[in-house]
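These notes concern the structure reproduced below.
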Amino acid sequence: MAWVLCFLLLLGLSGGPVSEGHSVHKTTVDTLDLGSLPAINYETNVHSEPGPIEILFRIVKAFLFVVQPHPYPEDLIRKVIRLQFEDTKSDSQQAAYYEIGFIILAGLGLLFIFLLPLVGLCFCMCRCCNNCGGEMHQRQKKNGECRRGCFAASLLVVSLIMSLGVLCAFVANQHLTTQVRGARRLLNSNFKDMRALLTDTPRQIDYLLNQYDAPKNKALLDLNNIGPLLGGRVRNQLGKRVLPALDAVLTMAGAIRETREALENVSASLEILQEGTTSLSANLTDAKENLRNTLSDASCSMAQATSTCNAIRNSLNQLSINANFSRLLPVTSQLAKVNEVLKIDLTSLVQQGYAAFNDTPDLVQNQTKNILSDVKSVLDSIGTNITILIKKLPIQKILTDSVIYLTQTETYVEEYFPLVEQYDFYRWLGCLIICCLLVLILVFYYLGLLCGACGYSKHTTPTNRGCVSNTGGNFLMAGVGFSFLFSWALMIVVVFTFVLGGNVEKLVCEPFKERTIFQVLDTPYLFNDQWSSFLSGRLFQKPDVNLTFEQVYSDCKENKGIYTSLQLDKFYNISNFLTISQYTEDLTIKFESIKINLSSIVLLDEVGKENLMNFSYSGIDGIDFAAYLAEVNKSITKVDLLSFANDLEARAEQLPKGALENALKGHASNIRMIHHQHVIPMEQEMKYVKARSTLNQSIRLLQKTATELMVKVNQVISIVNAAQFLINNNASSVIIEETKKYMNVIIGYFERYIQWVKDSVTMDVATCKPLANIVDTAVEVFLCSYITNSVNTFWFGLGAATVFLIPAIIFAVKLSKFYRRMDSEDVYDDVETIPMKNMENGNYGYHKDHLYGLHNPVMTSATGRW
């Protein structure tokens, strides 16, 4: 039943035409959330927990391994399946070698079946002839008590062993019935899982189809944002050339502003410094003229003053300024030209270029409005066609047919399972009766031991034994009688169940657990001489495809999808139905028709370029920077005025006292005053210090800017022209390249979706765990765990109890002599230890009731014998 249901489902889920697949273009796409395919939840747990009886199962399996330790006879099984087993010496020897353990034990069982009833018959006839212990006379021996104890103990031990065997048989019988009664729940669980597989698979397929909205919506979102996406890509690529050009112009605009500021600083600083040096120069000139007039006095003609006056007169040239800023040419003309250049806001023109270039996404968005609707229609057609192709697959009909098969199987099980339970009850009752036969024998033995032990007295003679003791002996002999009556029937049951159950365990259960049975089933041409692979030939009429039972079972055991388990890619290639390659050409044509014109982008107009050229013609490169820097670095006066005044005063001290001396000292004081009033302010006041520093920095900045100014301006203009040329003439190549990338991203969403569908169909859709569960339930659970293990445990216990009937019979017969009341007994002389009758009459040591006047109250009728 399980194999039939499994087979029907495989046939249903694997129908359809055979086709080949196509490769799909691969591309890297953004994260696309397709969700998780709803999994089918299966609740069947085929793992069987037999409970404490598992210990008995293992003992029986160990015994079977001792009986039959040979490896699985794969070749022999193949011959049997092919019906090619021939009664040849080779095949017979191979079968006998494998079954030698079963043959030997079964042969012993048959001997038991035939010999034990025959022995019982002979034993009965022998006792009727007052032989074999049938005569009601017991000889008195010294070791009689020891023998009685040994026989009783031995019978007790054998009875206990038999009891364990009967208990083992009872437990196995009840275990099988319990498992059969609980099998309905396991069957219903398997049916429920199968129904879940058949009903949830269409839902999984619908989920796969519905998830097409995810890539479609993602693609539509990208299409609606084609400006930022495609335009942004184009802008980023062009920006590698355009942005450096605009940055260079913006830098030049900053340089122009810095140049004007530097020129203004130079002009202001120069005016301040010229004002200070002019006043100082005038004072020094007056002081020098006054000093020269003083030295023209007649007093300097005197011999004592001549040398001093000449020395002073020679030093008068030092009384002049050193840094003469009045000699520097003004920068008024350069400043005027730069101011004229700055009347045009070059920075604003550059910002307009930035803005125009940054509007590239908007240009792309506006120029692709017409093409977007066409691309969207292609995407809609892709979804429609995929849905149509999936719906055209015969999966719905197949699933419907499988549901019908499943329903029929469930109805069949519901109809006949009560009959199975009824027959199981009959089996249970029959096994119970068989066990009760052994229980009856054991009851006789236990009662015999109990009554015999309780009623026996060693002080009582055999002819005077009590009723309890005699009853115990009768129970023992009753047990012996029933043993001879039922032992052969019990052994027939044992041999039959042993051969059947043992071979099922060794030929089916163990190979199934080790999966060697699949190697036999997967043998080419095993079931059909025309099919190398039976499973693929039976399911798909393609026997050349290597589809094995083991592979299908293993994949379903791992809960893989039907598509993978049955290798449907070799019969029904899903790639032919789930491919986007047929739509790629349409999308490519639509995207290639995109025409984007960026010629409206103007980075810098002619006014800006002319403004840059005017700056290069401003004349700042004509400034005498060396003269400026030389004057800035000079000291204010040629000589230190304080030192000159002190020296002049010292020279005056060398002159004779008089007007000349006083006049020269007055001039020294005047020079000190000029130093304090003019030189010190120019050296220390912030006004002059800042003017000198600003002039120095500004001149150096202008010098740096003016260096190759024309070359720099021309380079900036060339870079701008090259970037503008790129936009106007070569942007199309960039646009085409970025459009392809953008198109690949759009297509990639659907490739990702299709690959997800393929992976889901391959691994997740219609996971076939229930199929493996059905096989496990039918073979591993029902056949092996429930039936075979229970049957094997039953014959193991029953066989052990039956075999031990033989020693039980012997011990019971021997022991009954010590418990039963005898008809005659031995008479001993008080002096002699040998029987008197034996000595006098040669009468074997016993006498009857009329001899020697000794009356024996025991009835001597033959009806009291055995």
Side-chain angles (χ1 to χ4, degrees), residues 1-18 39-46 183-206 390-420 521 527-528 531 533-543 545 547-549 551-557 559-568 571-572 761 764-783:
M1 178 187 67
W3 287 100
V4 171
L5 179 60
C6 179
F7 219 67
L8 291 175
L9 185 65
L10 291 177
L11 285 172
L13 294 180
S14 59
V18 178
I40 305 177
N41 296 321
Y42 303 127
E43 63 180 29
T44 300
N45 181 15
V46 296
R184 182 185 292 271
R185 181 178 55 83
L186 184 58
L187 285 174
N188 292 336
S189 177
N190 277 275
F191 285 131
K192 183 177 180 180
D193 288 349
M194 288 297 301
R195 194 168 293 279
L197 170 62
L198 298 177
T199 56
D200 290 351
T201 298
R203 299 175 187 173
Q204 290 182 323
I205 295 176
D206 291 339
I390 294 298
K391 292 298 182 181
K392 284 183 177 180
L393 297 177
I395 188 68
Q396 194 63 44
K397 181 179 181 304
I398 294 170
L399 293 176
T400 302
D401 295 341
S402 299
V403 170
I404 295 174
Y405 298 143
L406 180 61
T407 303
Q408 292 175 350
T409 305
E410 283 185 289
T411 304
Y412 179 86
V413 171
E414 290 294 330
E415 180 180 356
Y416 287 98
F417 192 79
L419 187 61
V420 172
L521 297 178
F527 300 101
N528 191 315
W531 291 353
S533 176
F534 172 77
L535 194 57
S536 59
R538 182 65 182 85
L539 296 178
F540 310 107
Q541 288 72 48
K542 294 289 184 179
V545 177
L547 182 64
T548 64
F549 287 97
Q551 177 257 316
V552 173
Y553 174 79
S554 299
D555 288 346
C556 289
K557 192 77 172 176
N559 203 25
K560 293 183 179 180
I562 287 288
Y563 189 89
T564 298
S565 301
L566 298 182
Q567 301 182 22
L568 294 183
F571 310 103
Y572 178 78
V761 169
D764 301 325
V765 172
T767 51
C768 60
K769 180 73 171 180
L771 302 182
N773 286 343
I774 288 177
V775 176
D776 289 340
T777 300
V779 179
E780 184 176 358
V781 177
F782 285 171
L783 178 60

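A quick note: this is a predicted structure, and the numbers were derived from the prediction, not measured.
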*Indicate whether the side chain of D776 and that of Y553 have a donor and an acceptor atom separated by less than 3.5 Å.*
yes
*Only counting residues at least two apart or in another chain, list the ones meeting side-chain hydrogen bond (donor to acceptor under 3.5 Å, both in side chains) with T199.*
none
*asked:* If the condition is side-chain hydrogen bond (donor to acceptor under 3.5 Å, both in side chains), which residues does S565 pass it with, not counting sequence neighbours?
replied: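 side-chain hydrogen bond (donor to acceptor under 3.5 Å, both in side chains) check on S565 returns nothing, list empty.
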Report yes if the side chains of [X] and [Y] come closer than 4.5 Å at any heavy-atom pair, otherwise no.
| X | Y | result |
| --- | --- | --- |
| D193 | N41 | no |
| D764 | I40 | no |
| E414 | N188 | yes |

_Residues R195, D200: salt bridge by 4.0 Å N-O rule_ =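 No, this pair does not count.
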*asked:* Counting neighbours of CZ on F417 that are heavy atoms of other residues, nucleotides or ligands and sit closer than 6.0 Å, is the number greater than 12?
replied: yes
*Counting heavy atoms not belonging to K192, are there more than 12 under 6.0 Å from its NZ?*
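Not buried by this count: 12 neighbours or fewer within 6.0 Å.
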Look up atom [atom1] in [X] and atom [atom2] in [Y], then write down how far apart they are to the nearest 0.5 Å.
| X | Y | atom1 | atom2 | answer |
| --- | --- | --- | --- | --- |
| T411 | Y416 | OG1 | OH | 11.5 Å |
| D555 | K560 | CG | NZ | 4.5 Å |
| Y42 | L197 | OH | CG | 4.0 Å |
| D206 | T201 | CG | OG1 | 11.0 Å |

*N190 vs T777, side-chain hydrogen bond (donor to acceptor under 3.5 Å, both in side chains): CA-CA, chis, key distance, verdict*: CA-CA 8 Å; N190 277 275; T777 300; 3.2 Å; yes
